[in-house]
Amino acid sequence: MPAFPYSVSHEVPLFLAPMAGVSESPFRRLCRRFGADVVVTEFLSAEGIRRENEATLSKLRFGPDERPIGVQIFGGEPGPMGEAAALVTDVFQPEFIDINFGCPVKKVVRRNGGSGCLKDLGLVQEVIKAVVRSTHLPVTCKIRSGWNEEMRDPVTIGLRCQDAGVGAIALHPRTRTQMYSGAARWEEIAKLVEALDIPVIGNGDIKTAEDAYRMHRETGCAGVMIARGSFGQPWIFDQTRALLAGKPLPPPPPVAIRFDTALQHARMVQEYEIDPVGAALEFRKHLGWYVKGLPGSAELRKRLHQVNSFDEVEGIFSDYLAMGTHGDLPDDEHQLDVELLEAGHA
Ligand SMILES: Cc1cc2nc3c(=O)[nH]c(=O)nc-3n(C[C@H](O)[C@H](O)[C@H](O)COP(=O)(O)O)c2cc1C
């Protein structure tokens, strides 16, 4: 098995995927506590970083308990990508820098950022080389399988990235045109593993710990990256670790512990965010995910989606527990959250 370019605590590390608006510092810390071995920031614009845009730089803050952490940057121009990588290296010193070649959002791909770069593999290589030249840290990247069906060729893309100097690569095996439709083609992860000398991290459609275990078994990927499957269930990492260690699947926590976790998460957000009202509004989506699948969750969700402060949340949870109607959760309660994707996220 090829070695990761940064140190990891398990032979098969579990990654919390980069996710705009979700994999922020508090959620990354929470997932690390629940067994994620490596976390990655949401994608940050190279332009924003090199211009020292306040909002962008504030998203670069992370704590020591998040390490090992990668900072993900995007942009379609080698020069600014190099400058951004140099600044991140000097000021924030993460374990690695990850380049986003996967984001399908229009305003990003229009300027050749994200998966927009995949139309021109020469440009992909120039971007990687510029970043590698500008930092002493390992450089990794995250790709999709291609721009569209005609250009679908994850192995060629992966080989070009490897030649240009990345030390590991994560594949989300869909094309840009697919956005999130269809199924992620895990067999493409297996092909990439076979073709490359660097570690390949598998990603896509992991909804449960069993899925994560199966992806590793079926593809031989060096690491497993979970995105939407972590929503409202950060314990998916511990569950996956148990399966990889040959142990039985730990059951999901009971409702009261689930609520405690949500409150713990909320407190971490409160400590981290500067604007308490904005933070509470942003946190509503997490609350919705934590209660998904509970008996009577539609009503509960409705109340939680109206909170304007974190103080209200505890009361809503207590009311629900006092009703005593909750049972244990069905195993299949966590479906992929399509709503978010329709809202235009990567
Ligand atoms: C809300 C949201 C935001 C995302 N933001 C990013 C991002 O900033 N960078 C990135 O490389 N991928 C991003 N992605 C893509 C995920 O990292 C992942 O590749 C994709 O969701 C497939 O994995 P999954 O099936 O486990 O969700 C995002 C996905 C979602 C749902």
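Each ligand, and each atom within it, is numbered from 1 in the order the structure gives. Everything quoted here is computed from the prediction, not taken from an experiment. Numbers here are sequence positions counted from 1.
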Would one find an N or O of G229, backbone or side chain, under 3.5 Å from an N or O of ligand 1? no
Atoms of ligand 1 under 4.0 Å from any heavy atom of A17, numbered from 1 in the order shown, are 17 (O)
Atoms of ligand 1 less than 4.0 Å from G204 heavy atoms? 23 (O), 25 (O)
Using a heavy-atom cut-off of under 4.0 Å, does the side chain or the backbone of H172 touch ligand 1, or both, or neither? side chain
Have a look at V224, D205, V40, V105 and point out the one with the heavy atom closest to atom 25 (O) of ligand 1. D205
Please confirm whether F74 approaches ligand 1 to less than 4.0 Å, judged on its heavy atoms. no
So, does E42 use its side chain to make a donor-acceptor pair with the main chain of S23 at under 3.5 Å? no
Is it true that the side chains of R144 and N203 contain a donor and an acceptor less than 3.5 Å apart? no
So between A212, A227, G21, whose heavy atom ends up nearest atom 24 (P) of ligand 1? A227
Could you check whether T177 and E149, counting side-chain N and O atoms only, form a donor-acceptor pair closer than 3.5 Å? no
Using a distance-only test with no angle check, is there a side-chain donor-acceptor pair under 3.5 angstrom linking Q178 and R185? no
Atom pairs and distances, donor-acceptor, side-chain atoms in residues 217-225, under 3.5 Å, two or more places apart:
residue: T219; atom: OG1; partner: M215; partner atom: O; Å: 2.7
residue: T219; atom: OG1; partner: C221; partner atom: N; Å: 3.1

Between H265 and F27, what is the ring plane arrangement, given parallel below 30°, perpendicular above 60°, and tilted in between? parallel
Check R51 with E47, please: is the shortest side-chain N to carboxylate O separation under 4.0 Å? yes
Which of the ligand 1 atoms, numbered from 1, are nearer than 4.0 Å to a heavy atom of R228: 21 (O), 24 (P), 25 (O), 26 (O), 27 (O), 31 (C)
Can you figure out which of K142, Q72, M225 has its heavy atom closest to atom 16 (C) of ligand 1? K142
Nearest-option assignment for atom 18 (C) of ligand 1, heavy atoms, candidates I99, D98, N203: N203
The salt bridge (Lys or Arg N to Asp or Glu O under 4.0 Å) partners of E282 (sequence neighbours excluded) come to K285
Please state whether G102 comes within less than 4.0 angstrom of ligand 1, counting heavy atoms only. no
